[in-house]
Amino acid sequence: MPLDAPRPPVPRTASSASPGPRRSVALDGAEALRLLGSVSLGRVVFTRHALPTVRPVNHVLDGGDIVIRTHEGGALTSRAAAGGEEGVVVAYEADAIDPDTHLGWSVVVTGYAHRVTDRRELERYRALLHPWVEQAADYAIRIRPDLITGIRLTAA
């Protein structure tokens, strides 16, 4: 087909059809954390070289804190260590949105990330969280939520 020839229309599938109007309903903090704890995948957002950086990670919710594992030399590992006692500001997002119906929920937590230094806690997190890649993840980062927001997407 020549480059300037018109392309045939792409047939609409169930997943590309418009699912209809949606409504966004705010979640309270407790419900938002409950939903976040029901999934294991999320995205941590932090600053690197003065720009926002996003990494997909697996997590566990532990007493209202989000815990992820990291590796030596990792950007977040270094940033959390450099933050000292105060830690470093991060955001954490997790969701479960159906790709066909566009119904589901999304939660964003903003707070301070700290490296976990207690050896017993580190061992417990190593048992609970298994890295996705073949790389040593000898560190853990705890995110203490200061601001919790969430929405549920429902049919209008």
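The closest side-chain donor-acceptor pair between His71 and Tyr139, if any, does not fall under 3.5 angstrom.
Between the CZ atom in Arg120 and the OH atom in Tyr125 there is a gap of 12.5 Å [rounded to 0.5 Å]. Here the CG-CZ distance, from Leu122 to Arg124, works out to 10.5 Å after rounding to the nearest 0.5 Å. Remark: Leu36 CG to Ile66 CD1 distance equals 5.0 Å, nearest 0.5 Å. To the nearest 0.5 Å, atoms CZ (Arg144) and OH (Tyr112) are separated by 13.5 Å. Atoms CD1 and CZ, from Ile141 and Arg115 in turn, are 7.0 Å apart once rounded to the nearest 0.5 Å. Remark: Glu72 CD to Thr77 OG1 distance equals 8.5 Å, nearest 0.5 Å.
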For a quick test of your reading: what N or O donor-acceptor pairs under 3.5 Å do the side chains of residues 38-51 make, sequence neighbours left out?
{"residue": "Ser38", "atom": "OG", "partner": "Leu35", "partner atom": "O", "Å": "2.6"}
{"residue": "Arg43", "atom": "NH1", "partner": "Glu93", "partner atom": "OE1", "Å": "2.5"}

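Looking at residues two or more places apart in sequence or on another chain, you find a side chain to side chain contact (heavy atoms under 4.5 Å, CB included) between Arg23 and Val25, Thr154. Listed by chain and number, the residues in a salt bridge (charged side-chain N to carboxylate O under 4.0 Å, His left out) with Glu121 are Arg142 (sequence neighbours excluded). Not a single side-chain hydrogen bond (donor to acceptor under 3.5 Å, both in side chains) links Asn58 to another residue, sequence neighbours left out. With sequence neighbours left out, the salt bridge (charged side-chain N to carboxylate O under 4.0 Å, His left out) criterion links Arg22 to no other residue. Glu123 meets the side-chain hydrogen bond (donor to acceptor under 3.5 Å, both in side chains) test with Arg126; sequence neighbours excluded.
In terms of heavy-atom proximity, Ala155 sits nearest to Leu103 at N-CD2, 3.5 Å. The shortest non-hydrogen separation linking Val67 to Ala140 is CG1-CB, 4.3 Å.
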